[in-house]
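Down below is the structure, laid out as structure tokens.
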There are 2 protein chains.
Amino acid sequence: MHKPRKEMIAETRAKLIAAARHAFGTIGYAQASMDDFTASAGLTRGALYHHFGDKKGLLQAVIAEMDSEMAARVNEVASRAPTRWQHFVDECTTYIEMALEPEIQRIMFRDGPAVLGDPAQWPNANACVGSMTDHLTRLQEEGVVVPSVDPETAARLINGASSQAAQRIANSSDPEATSKTVVTAFKQLLEGLLNKPGPRPD
Amino acid sequence: MHKPRKEMIAETRAKLIAAARHAFGTIGYAQASMDDFTASAGLTRGALYHHFGDKKGLLQAVIAEMDSEMAARVNEVASRAPTRWQHFVDECTTYIEMALEPEIQRIMFRDGPAVLGDPAQWPNANACVGSMTDHLTRLQEEGVVVPSVDPETAARLINGASSQAAQRIANSSDPEATSKTVVTAFKQLLEGLLNKPGPRPD
DNA sequence: CTACTAACATACGCTTCGTATGCCAATTGA
DNA sequence: TCAATTGGCATACGAAGCGTATGTTAGTAG
């Protein structure tokens, strides 16, 4: 008795995604040979084209998987914070920490945008920004954040700053020290969103 | 009587860079066939490999050219501004405006990083950030900007936010309206750098 | 039990890149 | 002025890599 059909298929898809994710994350999308990484999964390009259409389709699947993982991690960490503003700040710093990982940096911030275009237009990959937008909206309603900014816009801008922050830390010769410097500057920028600069909630 | 040798060579290089810049900026680096765009310049890949080593080398040359152009434009616009802080803000908004152009967006912010890695590590392409860093340093000395942030770090973070800002505007269905929303949020973030939030110099 | 469908593999042609080689014009030195 | 040499650029060739078209096999439905 063999395994059920559905399971075999899901397993094949998962193996392809995992192999591609590893190849994309290490040598990069353009340098990753489909023949090579499908073979490393014990398959051929035939399976890839059947399930994902083409190389870009597989990249989309990889990105969707990584995005949901990232969103889960962000929500998990940020859920324990005293104030909502702190919650939001934790969300951002967690995002920066994740962006330090080479695989995420390469696939989500480098090759992904180059191959698929503006991340804001990706179908299943905006969970993190969505979460940040929600928190900013709440903070605005509570009067913590200035009412003049559009939450999603602010979330996107912060996202861009975060990715630069991560790159700066990742490429530093002294990541520990650089991390402190970068996070300090980053938090200072965030304070521009606060309504009253006097009593900060930290 | 022919033109001097040196001129012919410089012309060849310029034609290759121009053709590549157009191809990279429209269809993208990966899709740009070296045979095609060298032919459009009346040359072959032989000239390309002779002058630039490989496709990446040509991209580097294109980026160096664009970077110096961008720096010149930024300095030109920002040089007329009443206060130094305004000067800095103008620099940023000019940067965003430039980032709206598809060619700049594609080459400098998408394909460039994907092919050549972290822009902060590029040899001849940091003029804009350098200028912003200088102004932040001055502003800090004058007490306008909080002393706790590292100028170059702040400049990089703002750079990241700027690129996101431009993308958001560029991909909007109503660029005019989106532009206002985005610039508002962007300026708000910048105010996080100000020392005293009460008397703003605008 | 038969026929059909879906999951994959194999095979082929096309495009593209990089290198090796060749040619020609321009400079150099006498 | 005339070799000799250098350097700018084209041509030719081989090696990948991608996408498609075509099998082949194993489940599945009637």
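Lettering of chains follows the sequences in order, A, B, ..., and the numbering in each one begins at 1.
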(request) Find the distance B:Lys56:NZ to C:dG18:P and express it as a whole number of Å. (result) 10 Å

(message) Rounded to whole Å, please give me the gap between CG in A:Leu48 and C1' in C:dC8.
(response) 12 Å

(message) Can you tell me which nucleotide in D:dG19, C:dC17, D:dC9 comes closest to the side chain of B:Leu43?
(response) D:dC9

(message) Any donor-acceptor pair under 3.5 Å linking the side-chain atoms of A:Arg73 with those of A:Thr94?
(response) no

(request) Return the 5'-most residue of the pair B:Arg13, B:Arg45 with respect to DNA chain D, ranking by each residue's nearest nucleotide. (result) B:Arg13

(message) So if I take every side-chain heavy atom of B:Met34 and compare against D:dC18, D:dC9, C:dC17, which nucleotide ends up nearest?
(response) C:dC17

(request) Would you give the length of the straight line joining atom CD1 of A:Ile158 to atom CG of B:Leu157, rounded to the nearest 0.5 angstrom? (result) 11.5 Å

(request) Output yes when at least one side-chain N/O atom of B:His51 is less than 4.0 Å from OP1 or OP2 of D:dC9, else no. (result) yes

(message) Can you see whether B:Arg168 engages B:Thr178 through a side-chain donor-acceptor pair at a distance of less than 3.5 angstrom?
(response) no

(request) Search all heavy atoms of B:Cys92 against all heavy atoms of B:Leu190 and return the closest pair with its distance. (result) SG-CD1, 4.2 Å

(request) Send over the distance from A:Glu7 CD to D:dG27 C1', rounded to a whole Å. (result) 15 Å

(message) Rounded to whole Å, how long is the line connecting atom CG of B:Asp36 with atom C1' of C:dC17?
(response) 13 Å

(request) Classify the nucleic acid contact of A:Ala32 as base, sugar-phosphate or nothing, counting any heavy atom under 4.0 Å across all strands shown. (result) sugar-phosphate

(request) Name the nucleic acid region contacted by A:Thr44, choosing base, sugar-phosphate or nothing; use a 4.0 angstrom heavy-atom cut-off, strictly under. (result) base

(message) Out of the candidates B:Ser162, B:Ser79, B:Ser131, only one should pair with B:Glu91 under the side-chain hydrogen bond (donor to acceptor under 3.5 Å, both in side chains) rule; please name it.
(response) B:Ser131

(request) Please state how far atom CG in A:Leu16 lies from atom P in C:dC8, giving the value in whole angstrom units. (result) 8 Å

(request) Would you mind reading off the distance between A:Gln31 atom CD and D:dA16 atom P, rounded to a whole angstrom? (result) 15 Å

(request) Taking only the side-chain heavy atoms of A:Tyr49 (C-beta and beyond), determine which of C:dA7, D:dC13, D:dG19 contains the nearest atom. (result) D:dG19

(message) Taking 4.0 Å as the cut-off, does a side-chain nitrogen or oxygen of B:Thr12 come that near to OP1 or OP2 on D:dG8?
(response) no

(message) What is the separation between atom CG on B:Asp35 and atom C1' on D:dA10, rounded to the nearest whole Å?
(response) 12 Å

(request) Output yes when at least one side-chain N/O atom of A:His50 is less than 4.0 Å from OP1 or OP2 of C:dA7, else no. (result) yes

(request) Starting from C1' on C:dA7, measure out to CZ on A:Phe52 and report it in whole angstrom. (result) 13 Å

(message) Is the phosphate of C:dC17 approached by B:Lys55 (side-chain N or O, under 4.0 Å from OP1 or OP2)?
(response) yes

